[in-house]
Structure formats: structure tokens, C-alpha cells
Amino acid sequence: MSYEKEIKVLDHGYVKYVGHLGCDEDIVADARMSTGGGNKTPEEDKKLLNFLWENEHTSPFEGVDLKLEVQLPIFVFRELERHRTLTLIETEILAISTTDNSSRCFVSKNEFSGRYAKMPELNYIPVAERLGKQGKINHQGTEGDLTDEVKTSILDTFKAEQMSTRGNYEGYLSQGLSREVARMNLNLSQYTKLRIKANVLNWFKFLNLRLRNNAQYEIRVYAQAVESIMKDLFPWSYSAFEEYTYGAVKFSSSEMTVLRGLLNTIDENNVAPTLNNLGWTKSKTEKFLTKLALNSEDL
Ligand SMILES: Cc1cc2nc3c(=O)[nH]c(=O)nc-3n(C[C@H](O)[C@H](O)[C@H](O)COP(=O)(O)OP(=O)(O)OC[C@H]3O[C@@H](n4cnc5c(N)ncnc54)[C@H](O)[C@@H]3O)c2cc1C
């Protein structure tokens, strides 16, 4: 399959497709290895894929890989690298070359160095609308407006700081200082570039956390770009992820007790027709009612 996509992100960033191994049908074929069944009709294959995802039979989703190239500010990179199940292959900045087998998924990190190459002259500057007050409800977030005057002043200072840091960096290099030492005082807004490989299951784990509104805006927009590529390449898997994971909600045991109490008060004549109108099959309805511990016979 021929596929190309590069999505611009923030002011100088991007997410670019590099390559992939496998497709939705391969996930199904991997799953059917146990029975020697192989692929069947698209409808049957999609149904099995949904069943696998819904019931957390996730190993077949580990057999399909996606590799991307990402250019992003260092502070976003720091959030990204927390996802240990993504294999990060950095091309520009960090000095370390490691093989870290400490995690369950045996992630290898091969990081090339800003010791060899000059840092790119790219810094992230947020747009004015991004600037707001420190969040009081979400202590990690931004809530409430600042005046235009304050925003302009802050952005001017941001730019001046970045120019000053860059100027000093260039100065250190022109005085003959080694690149590995010259880069030490660069900003977190400095862009870096890396390649990331992960299997479909781990990309979805990343998306499930970083697409959400509580994720910082600057990593969320990268997650949205990854999401768009996942949707193109693995449409069945994406749809199962959306249905059973991203769009699903988990209730606590005490919340379920309250919900069941409320559901017992609803008009029993409305339930079956409502689900019927949604086009739900009998088995889907039964499963839903079983989860709620409500017997469909009673409704
Ligand atoms: C909104 C938000 C706010 C956050 N705030 C903070 C913060 O304030 N401070 C902070 O330090 N971090 C913060 N994080 C990072 C967060 O704690 C996780 O490190 C990050 O989201 C990666 O998640 P993960 O570990 O599930 O992903 P991965 O590392 O990719 O792991 C995926 C899954 O694999 C399994 N796994 C991987 N490695 C191991 C292992 N060694 N042992 C057992 N199981 C493993 C786990 O099931 C894990 O869920 C935040 C994340 C989000 C989304």
C-alpha cells in the first residue's frame, strides 16, 4: 500500500508517516492462527477484530507496527518519552545512547546526538490565545483569560529570551566551545526531532491518554495527528478503539449501585424500543442489560 502523510503541528512541528507493517486484516489473521482459520469475509473479520478489542485479547494488535517521524519542542518530548512502550529513535539532540530493557516491553532507545550536529534554530512560541491563568480546578491546566496587554508583554519576553539563548549558543560555538557543552543552557521550547516506532496496541494506549482534554494542549495536537494516521491505516482497529476504549466510560462500583437504582425507576416500556431504534441487535441489548445487572425480561 502506498501511503504518504505529513501533518503540520504547532508552529514548527510535524508528524510524518515513515512506514508500517501489517493492517487490520493481519490482526485478524494473527488471531486466527490458533484455529488455522485465516481471513474470512470483511464483515466476519471486522466482527472478530471488534470482539478481540472489546474483550482485551490484545496480543494480535501487537503484531502490527507504525513508524512516524516527529518534530516537537523538548518539553513535549519529555511527555512523549514517558510512554515507555513507544520506541523512540532520536535523530538530533540527546547525547545518550542506551538500550533499556528494564520495562516489560523491552524498549530499545537509540538516540543520536546534538553533540554531532548543531541544534536547529527552531523554538516554539505559543499563539496569544494559548496564554491564560494558572488553573484552580485542574492544577495542571490553564483556566481563565489574561488581558491582551499582559499576553503581548509575555510573548515579547518569551521571544527575547529565546533569541538571547540562541545568540549565546551561537557565541559559544564561535568561540570554539564543543557542541556537547554549548547546548546545556538551551530552552525547553527548543525543537527536536525523532522517529518513533510502536505496535498498534501501544499507539492506542498513547492516544487514549494524550487525546483527552486533560492532556496538555501541545501534546494533544501531536496525538491528534497520530490519530489521523491511525484512522487512515487501521480503520477497523481505530473504530474498535473509539467504541470500546476512547468513547467508553468506566463506572465505579458505588456509581453502578446508584445507576441501577435510577434505572429501576425508568418506564419499562421505553427501554427495548429505544435500543431497537438504535439498531441494536438482541445480543448487544442482552449484553448491555447484563452489565447493568438488569434482566431484559424485566424491562
Ligand atoms: C493528563 C496526564 C497528566 C500527567 N501528569 C504527570 C505528572 O504530573 N507527573 C508525572 O510524572 N507523570 C505524569 N503523567 C505521565 C503518566 O504518569 C505516565 O507516565 C504516562 O502517561 C505514560 O503512561 P503509561 O505508563 O501508561 O505508558 P507506557 O509507559 O507506554 O506503558 C503502557 C502500559 O504498559 C504497562 N507498562 C509499561 N511499563 C511497565 C512497567 N515497567 N511495569 C509495569 N507495567 C508497565 C502499563 O500497563 C502501562 O499502562 C501524566 C500523564 C497524563 C496523560
Side-chain angles (χ1 to χ4, degrees), residues 9-10 13 15 18 20-22 27 30 52-70 72-90 94 96-111 124 126 130-144 188-189 192 194-231 233-234 237-238 240-252:
V9 186
L10 302 178
V15 173
V18 177
H20 73 290
L21 169 76
I27 292 168
D30 285 1
L52 294 169
W53 189 269
E54 183 183 7
N55 293 286
E56 298 181 46
H57 298 315
T58 47
S59 57
F61 295 88
E62 294 171 22
V64 173
D65 285 339
L66 170 65
K67 188 192 271 189
L68 301 173
E69 185 173 305
V70 179
L72 75 181
I74 290 175
F75 74 93
V76 182
F77 172 75
R78 283 173 59 172
E79 295 190 323
L80 185 73
E81 70 176 344
R82 297 301 305 279
H83 296 266
R84 295 157 291 177
T85 54
L86 307 180
T87 305
L88 310 179
I89 306 149
E90 192 167 357
L94 294 183
I96 312 154
S97 180
T98 62
T99 297
D100 175 3
N101 286 341
S102 59
S103 70
R104 205 173 59 128
C105 51
F106 303 107
V107 173
S108 297
K109 294 179 183 148
N110 299 297
E111 299 168 347
Y124 170 58
R130 176 71 182 94
L131 273 51
K133 288 187 179 158
Q134 168 57 44
K136 287 196 175 135
I137 299 168
N138 174 1
H139 289 190
Q140 289 191 325
T142 306
E143 291 158 16
L188 290 179
S189 58
T192 183
L194 61 142
R195 285 186 169 195
I196 311 169
K197 183 188 80 75
N199 63 51
V200 161
L201 174 65
N202 288 325
W203 276 119
F204 281 132
K205 284 183 185 168
F206 165 73
L207 291 184
N208 192 36
L209 293 173
R210 299 301 183 175
L211 282 176
R212 304 218 176 250
N213 283 339
N214 63 353
Q216 173 152 358
Y217 167 78
E218 282 80 6
I219 193 161
R220 208 173 340 125
V221 285
Y222 281 93
Q224 286 163 358
V226 174
E227 178 192 32
S228 141
I229 292 172
M230 294 286 285
K231 249 188 210 175
L233 295 175
F234 313 110
S237 301
Y238 179 81
F241 160 73
E242 198 175 35
E243 171 71 9
Y244 299 112
T245 305
Y246 189 64
V249 178
K250 191 164 81 178
F251 291 107
S252 68

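Please read all numbers here as calculations on a predicted model, not as lab measurements. Both ligands and their constituent atoms are indexed starting at 1 by order of listing.
For atom 13 (C) of ligand 1, the choice among His139, Arg82, Lys205, Gln216 with the nearest heavy atom turns out to be Arg82.
Counting heavy atoms under 4.0 Å from ligand 1, residue Arg212 does not touch it at all. Of all the heavy atoms of Arg210, the ones lying under 4.0 Å from any atom of ligand 1 belong exclusively to the side chain.
Taking any N or O of Asn214, backbone or side chain, none lies under 3.5 Å from an N or O belonging to ligand 1.
Paired with Phe204 under the rule ring pair (Phe, Tyr, Trp, His ring centres under 6.0 Å), one option of Phe234, Phe61, Phe241 passes, and it is Phe241.
The shell of residues lying under 4.0 angstrom from ligand 1, judged by heavy atoms, includes Gln140.
Taking each heavy atom of Arg220 and Leu211 in turn, the nearest pair found is CD-O, 3.5 Å. The minimum heavy-atom distance linking Leu188 with Arg78 is given by the pair CD2-NH1, 3.6 Å. The nearest pair of heavy atoms linking Gln134 to Asn138 is NE2-O, 4.5 Å.
Side chain to side chain, Glu227 and Tyr238 meet the donor-acceptor criterion of an N or O pair below 3.5 Å.
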